Number of protein chains: 2
Amino acid sequence: MAEDLTLVDSLVQSSFLVQGVMRRVAARQDLSVIQMRLLGILRDREPGTLLLSRILELDKSSVTGLVDRAEKRGLVERVPDPDDGRAVRIKLTRGGRAIVTKGAAEVEAEIETVAAGLTDPQRRQLAGLLSRFASPPARPAVPGTERSPS
Amino acid sequence: MAEDLTLVDSLVQSSFLVQGVMRRVAARQDLSVIQMRLLGILRDREPGTLLLSRILELDKSSVTGLVDRAEKRGLVERVPDPDDGRAVRIKLTRGGRAIVTKGAAEVEAEIETVAAGLTDPQRRQLAGLLSRFASPPARPAVPGTERSPS
DNA sequence: TATTGTTATACTCTATAACTATA
DNA sequence: TATAGTTATAGAGTATAACAATA
């Protein structure tokens, strides 16, 4: 069983599978995937609204709302940018960091479970191939794009 | 460059990449990913509201709204189920089929572009590994789960 | 003038609870 | 009683357009 899918089909189906895992993990903290992804991005950065909108590929006004809701729940905070009076820096609170750390660990664990059928060499191979796929060398992308909650 | 990510990281990142492709392709038809996914599911089935809700992992009332909007745009239609007076069958219209066919081709083309850096054997290998990942043999899932617009 | 960010508005997506109709 | 589906409601997520403040 499980006759091989095409490359595209297998990528599309696994993307839904992974998104489903993230959705269930985020839901446990009463968060959406996009909220968890926001927290994931903030783990190693303090971007402004505009940069966040480029990373997430959302309109800046959508980011304002996203950050509003996260801030209301005490997960992130806005601090004034010392170098630019117009700008803010958005950063994780301690509570936000705790939640994203836990969420990342749970996503990791659940995906590892799904991948349990693969041997170690197969896992390394898959990781290597996907790395090249997910980060093509010649990609004129936005700096910092596609860093995600893991 | 592109030092290898962990298996989980590469899966998460590629899932965002693929979802981004689908979002842009669907947006060209002024559709969301979930609407395009709905059309994709209907390509080879005429499920009822309840079965659709299990496939999409949404509440049945969410499916009602989803189908309402698709029907209003002439992409799907509800026909009475001949075997059950309570049920409906949701099916693609001709226009809906045209759109999903085009969308699937575009997703295919865009993902192929991203995968252009891989050799043929690498592509086969990746497809094979992902197939086993995306459809683990021992998965007590809902029948029909995770079929997507491609 | 251009950039950073927010606000106002409208629509889609989603879940919960309550309901109707049929089995 | 149970099942299939819809409706009412509320909230999150998103984009567009217009705005304020700073560069």
Side-chain angles (χ1 to χ4, degrees), chain A residues 16 19-20 22-24 26-41 45-73 75-91 142 149, chain B residues 16 19-20 22-24 26-39 41 45-73 75-91 142 144 149:
Chain A
F16 280 119
Q19 294 280 322
M22 290 190 290
R23 181 161 71 146
R24 285 187 289 276
R28 263 178 235 148
Q29 317 284 343
D30 197 31
L31 289 176
S32 62
V33 170
I34 188 67
Q35 285 283 346
M36 190 64 89
R37 193 179 178 198
L38 167 64
L39 302 187
I41 289 166
R45 290 171 266 193
E46 299 182 359
T49 300
L50 216 54
L51 177 54
L52 259 184
S53 80
R54 285 192 289 260
I55 296 173
L56 292 169
E57 298 184 82
L58 295 176
D59 189 85
K60 57 187 177 163
S61 67
S62 304
V63 171
T64 295
L66 213 53
V67 172
D68 280 349
R69 290 184 291 275
E71 195 170 30
K72 199 173 300 178
R73 300 174 60 162
L75 304 175
V76 309
E77 61 183 336
R78 276 182 253 236
V79 301
D81 186 322
D83 303 334
D84 186 337
R86 300 166 298 178
V88 297
R89 288 186 183 175
I90 298 156
K91 51 183 295 193
V142 175
Chain B
F16 280 121
Q19 294 280 321
M22 291 191 289
R23 181 159 72 147
R24 285 187 289 276
R28 264 179 235 147
Q29 317 285 342
D30 196 33
L31 289 177
S32 63
V33 171
I34 189 67
Q35 285 283 344
M36 190 65 90
R37 192 179 178 197
L38 167 64
L39 302 187
I41 288 166
R45 290 172 266 193
E46 299 181 0
T49 301
L50 216 54
L51 176 54
L52 259 183
S53 80
R54 286 193 289 262
I55 296 173
L56 293 169
E57 297 184 81
L58 294 176
D59 188 85
K60 56 187 177 163
S61 66
S62 304
V63 171
T64 294
L66 214 52
V67 172
D68 280 350
R69 291 184 291 275
E71 195 170 30
K72 200 172 299 176
R73 299 173 61 161
L75 304 175
V76 309
E77 60 182 339
R78 278 182 251 235
V79 300
D81 186 322
D83 303 333
D84 186 338
R86 300 165 299 180
V88 296
R89 287 186 184 177
I90 299 156
K91 50 183 295 193
V142 176

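From a predicted model like this one, the values you see are computed outputs, not experimental measurements. Below, read A as the first sequence line, B as the second, and so on, with proteins coming before strands; counting in each chain starts at 1. Just so it is clear, the values below take in all heavy atoms, side chains as well, and ignore hydrogens, waters and symmetry mates.
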Does B/G48 or A/Q35 map to a spot on DNA chain D nearer the 5' end, using the closest nucleotide for each?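 Taking each residue's closest nucleotide, the earlier one in sequence belongs to B/G48.
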[X] has a side chain; which of [options] sits nearest to it?
X     : options               : answer
B/V88 : D/dT14, C/dT4, D/dG5  : D/dG5
B/I34 : C/dC13, C/dA23, C/dG5 : C/dC13
B/R69 : C/dT4, D/dT14, C/dT12 : C/dT12

To the nearest Å, give me how far apart [atom1] ([X]) and [atom2] ([N]) are.
X     : N      : atom1 : atom2 : result
B/D83 : D/dA4  : CG    : P     : 13 Å
A/L50 : D/dT22 : CG    : C1'   : 14 Å
B/L66 : C/dC11 : CG    : P     : 18 Å
A/K72 : C/dT6  : NZ    : P     : 13 Å
A/D68 : C/dT6  : CG    : P     : 7 Å
B/K60 : D/dT6  : NZ    : C1'   : 9 Å
B/Q19 : D/dG13 : CD    : C1'   : 15 Å
B/D30 : C/dT12 : CG    : P     : 9 Å

Output yes when at least one side-chain N/O atom of [X] is less than 4.0 Å from OP1 or OP2 of [N], else no.
X     : N      : value
B/S62 : C/dT14 : no
A/S61 : C/dG5  : no
B/R86 : D/dT6  : no

Under a 4.5 Å cut-off applied to non-hydrogen side-chain atoms, are [X] and [Y] in contact?
X     : Y     : value
B/Q35 : B/Q29 : no
A/Q19 : B/Q19 : yes
A/R89 : A/D83 : yes

Option among A/L75, A/L52, A/V88 that satisfies the side chain to side chain contact (heavy atoms under 4.5 Å, CB included) test with A/V67: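 With A/V67 as partner, A/L75, A/L52, A/V88 yield a single side chain to side chain contact (heavy atoms under 4.5 Å, CB included), made by A/L52.
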Identify whether any heavy atom of [X] sits under 4.0 Å from a base atom; if not, whether one sits that close to sugar-phosphate; answer base, sugar-phosphate or nothing.
X     : answer
B/R89 : nothing
A/D84 : sugar-phosphate
A/G65 : nothing

What are the two closest heavy atoms between B/L50 and B/K60, and how far apart are they?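 Distance-wise, the nearest heavy atoms are CD1-CD, 3.8 Å.
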Taking the nucleotide of DNA chain C with the closest heavy atom to each, which residue, A/T64 or B/D59, is nearer the 5' end?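 First, find each residue's nearest nucleotide; the 5'-ward one identifies A/T64.
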